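Every value quoted in this text rests on a predicted model; they were computed, and no experiment measured them. Whatever order the structure lists them in is the order used to number ligands and atoms, beginning at 1.
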Amino acid sequence: MAFAEAPPLTRHLSIKDLKGMPLPRAVLMCAPDYFDVVDVKNPFMANQLGRVDIPLALKQWQDLTHVLESVGIEVQLIPPLPNCEDMVFCANPIFAGLDGENRRAVVLSQMRYGSRQPEVVAHAAWFEGHGYRVIPIGEPGCLFEGSGDALWHPGRRLIWGGYGHRTSKEIYRKISEIFDAPVMLLELPTEWFYHLDTCLGLLDENTALVYPPALTGAGMDLIRSLIPCVIEVDAEEATQAMACNAAAFSGKYVVSQRGAPRVGRKLRERGFHVIEVETSEFMKSGGSVFCMKMYLF
Ligand code: ARG
């Protein structure tokens, strides 16, 4: 079963039956030297043109890299490009993982906004230089925004595939083949939650943060049918603190934007070590911790 959009197909599937995948060992990040909000690609960006505090953005990004290193994650860097003001959002230009033969592979995105396409070219060169098999998605007329919409289930060979705004549903057939992983399709029907990583945060094999109004009923059924512990995030924490856009490391640490105390308490009760950071300048562009890095396997 390569695809599912509703639970009947997954009734007999359990996370435990899926092949294992290692957890990410490192991340790729891109310094925000040229970061800015110069247009409106998503609702967070409206009214933020020219409002980014650039020195503060640099400090917030450096603080985030230090936090990731402090939890034992290696931070690798791709040089920023002038005129690529969104390149700090490293999650988008590619999707990285291990293919069916456990070789490192990346699939290149086809970005919705042409101004972000040069980021894809830069990422292709970086990953080629670092020994990855680099595969164009090669679906004319389709969109794909990498790990903003395609999310690995932690520790398992399973991919959650968001679609609707920045990614076309059709591309997941190829993703499933390349990575030898079933894809669980999730439609994104709302404007504010335009990438899957804005409304679904997969923390460990059994636990996910979800903002249900950003998904469909069928999508929520699918999530609940496979993930034993679904933590619902409320509207305030999902939008003001982009709480679902947290990033998990080693199945234990959760790095997230500050300002989501209710989610933080639920995570601590479940034994996670929550580390809060400030990403206010990047949220003006519609992204926070999860999309400011690419997991490397
Ligand atoms: N301004 C960027 C854009 O709209 C933000 C991308 C955030 N990325 C993410 N995976 N949520 O393209």
Contact with ligand 1 for Arg116, non-hydrogen, under 4.0 angstrom
yes

Please list, in number order, the atoms of ligand 1 under 4.0 Å from a heavy atom of Cys291.
7 (C), 8 (N), 9 (C), 10 (N), 11 (N)

Heavy-atom contact check, 4.0 Å cutoff: does Tyr194 meet ligand 1?
yes

Flag Asn245 as yes when one of its N or O atoms lies below 3.5 Å from any N or O atom of ligand 1, and as no otherwise.
no

Closest protein heavy atom to atom 8 (N) of ligand 1, given as residue, atom name and distance to 0.1 Å:
Asn92 OD1, 3.1 Å

With rounding to the nearest 0.5 angstrom, report the SG to NE2 distance, Cys90 to His123.
4.0 Å

Those residues that, when tested against Glu101, pass side-chain contact (heavy atoms from CB on, under 4.5 Å) (two or more places apart):
Asp99, Arg103

Of Arg224, Arg262, Lys266, which meets salt bridge (Lys or Arg N to Asp or Glu O under 4.0 Å) against Glu232?
Arg224

Numbering as shown, the atoms of ligand 1 that approach Gly286 to under 4.0 Å (heavy-atom distance)
7 (C)

Quiz question: by atom type and distance under 3.5 Å, do the side chains of His195 and Glu145 form a donor-acceptor pair?
yes

Identity and separation of the nearest protein heavy atom to atom 10 (N) of ligand 1
Asp197 OD2, 2.6 Å

So do the side chains of Leu64 and Val255 get within less than 4.5 Å of each other, counting heavy atoms only?
yes

What are the two closest heavy atoms between Ala247 and Lys293, and how far apart are they?
CB-CE, 3.9 Å

Is it the side chain, the backbone, both or neither of Val37 that has a heavy atom closer than 4.0 Å to ligand 1?
neither

Less than 4.5 Å apart, side chain to side chain, heavy atoms only: is that true for Leu58 and Pro32?
yes

Considering both backbone and side-chain atoms of Thr198, is one of its nitrogen or oxygen atoms within less than 3.5 Å of a nitrogen or oxygen in ligand 1?
no

Just jot down the ligand 1 atoms closer than 4.0 angstrom to any heavy atom of Arg166, in number order.
3 (C), 4 (O), 12 (O)

For atom 9 (C) of ligand 1, what is the closest protein heavy atom, and at what distance to 0.1 Å?
His195 ND1, 2.9 Å

Side-chain (Thr207) to main-chain (Cys229) donor-acceptor, under 3.5 angstrom:
no

Considering only heavy atoms of Asp86, which atoms of ligand 1 have at least one such atom less than 4.0 Å away?
1 (N), 2 (C)

Under a 4.0 Å heavy-atom limit, does Glu145 contact ligand 1 with its side chain, its backbone, both, or neither?
neither

Okay, side chain of Tyr194, backbone of Gly286: is any donor-acceptor separation there less than 3.5 Å?
yes

For Gly148, the ligand 1 atoms whose distance to one of its heavy atoms is below 4.0 Å
10 (N)

Looking at Ser176 and Tyr172, would you say the former's side chain and the latter's main chain have a donor-acceptor pair under 3.5 Å?
no

protein heavy-atom neighbour closest to atom 5 (C) of ligand 1 works out as Ser285 O, 3.3 Å

